[in-house]
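The figures here come from the full heavy-atom set of this structure, side chains too, leaving out hydrogens, waters and symmetry mates. So you know, we letter chains A, B, ... as the sequences are listed, proteins then strands, and number each from 1. This one's a predicted model, so the numbers in the text were calculated from it and none came from an experiment.
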2 protein chains.
Amino acid sequence: MEGNDKLTEDKIFEAATTVFEEQGMTGARMQNIADRAGINKALLHYYFRTKDQLFDAVFSKLAQKMFQKFSPIFEENLSLEDKIRFFIKEHINFLKENPKLPGFIIHEINRNPQRIKKMLRNVDFKILWSAILKHHSDELGDYNITEENLPQIMTTIVSLTVFPFAARGLIEVIFSNVGVDFDKYIEERKEFAAEFVIKAIKK
Amino acid sequence: MEGNDKLTEDKIFEAATTVFEEQGMTGARMQNIADRAGINKALLHYYFRTKDQLFDAVFSKLAQKMFQKFSPIFEENLSLEDKIRFFIKEHINFLKENPKLPGFIIHEINRNPQRIKKMLRNVDFKILWSAILKHHSDELGDYNITEENLPQIMTTIVSLTVFPFAARGLIEVIFSNVGVDFDKYIEERKEFAAEFVIKAIKK
DNA sequence: AAACAGTTTAACCGAATGGTCAAAAGTATT
DNA sequence: AATACTTTTGACCATTCGGTTAAACTGTTT
């Protein structure tokens, strides 16, 4: 049979994703993953020989999923302001669907910085970054954006979208105390963060 | 003897802090902590009965250390703008000394949200937050700050300081590719983030 | 229907890990 | 110097965990 083939592997992959996202590599248990996938533990090792291999597969997939979402930044067609609005809105929408992703990626990168180093070895950010400046060269006179402060601005924008999800557990406790709903806060954040950034960079 | 007493317990606590910060609760090994402290593993259990108790002690200490740094926000004496400048600068200075703290706290809260819920049970953020508005009530006419968007603004400021350290492993890889030095970036961030926020909230 | 190939399982294994214990070493008290 | 108390250690234990193995099961080919 071939149909069930992919099904089993996918079931494993999904279960592994859930468990790894929640517990991290070191906290995850192969037995737990097997249980969630509704299969025998030996079958896990039949499809993915070791825990490390299974983790690598999951991590690569999730990291790619995360990084892919940044590609719209490096394309043209929108004005700078609209691009900022579009990116922040879409990125928050993406994170709403994958709320555990930031915490997972952050922790696993901290635990093993080499892995991400290897993954991004062949990406030339220099070209990507200068592309941004080039795309909006005619608009740049209206904003406080230079090659020098681009790292500050880029990390700032990402901070605004990612941090609330990474620190969600903490933020939710505080918000519940103040009577704020996290989901509503996230919904409002799309516009707030975008206008916040635009206001800040405008000359 | 009493002098050596505290010394041993402190050596253990320091070693445990290092290991837990780097590996997290689930990745840490009691043997590793014992080795780092230069003592026998049995002695670990003599001072801290179980791994959970040792972890709780370390986590509580580190969480308190982190939260304490927010107290200047809730005191008066400075203008709103200077308070923002002061907090961001001091907070980044603090994080420079404790760069692993954000990732550690974030991960452990995600792994067990209940722990932080219990820790902050008796803190009334509502009072703290309204104190901010009260302290600067005379200045508020000049800024786009209301009780409604305070959650957005507060989380925004914290995002700007904390995220670079949480995601340091990733940011450093990208920066090294673009030829930016992380330490220099952090140094510049003190002023950048403060002026960024002030510009954004000014009417 | 027999041989074959891929899939799934139950039972098992060895190493790692958190934790214990009794004895040794060290320190203070008398 | 004898006693009593605390600290430190080496050896050990029980359990958990990642991983293996051989056999059973399923569908396909001949």
Requested in this report: First locate atom CD of A/Glu14, then atom CD1 of A/Ile12, and finally report the distance between them rounded to the nearest 0.5 Å.
Outcome: 11.0 Å

[X] [atom1] to [N] [atom2], straight-line distance once rounded to whole Å:
X	N	atom1	atom2	value
B/His45	D/dT9	NE2	C1'	14 Å
A/Ile12	C/dT8	CD1	C1'	11 Å
B/Glu9	D/dT8	CD	P	11 Å
B/Phe55	C/dG18	CZ	C1'	16 Å
B/Ile39	D/dG10	CD1	P	12 Å
B/Lys51	C/dT17	NZ	C1'	8 Å
B/Asn40	D/dG10	CG	P	6 Å
A/Arg49	D/dT21	CZ	P	12 Å

Side chain of [X]: nearest nucleotide among [options]?
X	options	result
A/Tyr46	C/dT9, D/dT6, C/dG6	C/dG6
B/Leu43	C/dA10, C/dT20, D/dT8	D/dT8
B/Thr50	C/dT20, C/dG19, D/dT7	C/dG19

Query raised in the report: Are A/Tyr47 and C/dT8 close enough that a side-chain N or O sits under 4.0 Å from OP1 or OP2?
Result: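 For C/dT8, OP1/OP2 do have a side-chain N/O of A/Tyr47 under 4.0 Å.
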
Query raised in the report: Just to confirm, is there a sub-4.0 Å distance from OP1 or OP2 of C/dT8 to any side-chain nitrogen or oxygen of A/Thr8?
Result: yes

Requested in this report: Under the ring-ring contact (aromatic ring centres under 6.0 Å, His included) rule, what do A/Phe55 and A/Phe20 come out as? Steps first, then yes or no, please.
Outcome: CA-CA 8 Å; A/Phe55 177 78; A/Phe20 279 135; 5.0 Å; yes

Requested in this report: Decide yes or no for B/Asp181 and B/Phe175: does some side-chain heavy atom of the first lie under 4.5 Å from some side-chain heavy atom of the second?
Outcome: no

Query raised in the report: Considering only heavy atoms from C-beta outward, does the side chain of A/Ile132 approach that of A/Met154 to under 4.5 Å?
Result: yes

Query raised in the report: Got a sec? Which of residues 28-35 of chain B come in under 4.0 Å of DNA chain C, heavy atoms?
Result: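 Contacts with DNA chain C under 4.0 Å: B/Ala28, B/Arg29, B/Met30.
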
Report task. Please check if the distance between the ring centroids of A/His135 and A/Phe74 is under 6.0 Å. Result -> no

Report task. Can you label the angle between the A/Phe196 ring and the B/Phe196 ring as parallel, tilted or perpendicular, going by 30° and 60°? Result -> tilted

Report task. Record whether the side chain of B/Lys41 comes under 3.5 Å of the base of C/dG19 through a donor-acceptor pair of N or O atoms. Result -> yes

Requested in this report: Determine which pairs satisfy side-chain hydrogen bond (donor to acceptor under 3.5 Å, both in side chains) with at least one residue from residues 112-125 of chain B, sequence neighbours left out, and list them in order.
Outcome: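 side-chain hydrogen bond (donor to acceptor under 3.5 Å, both in side chains) check on residues 112-125 of chain B returns B/Asp56-B/Arg115.
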
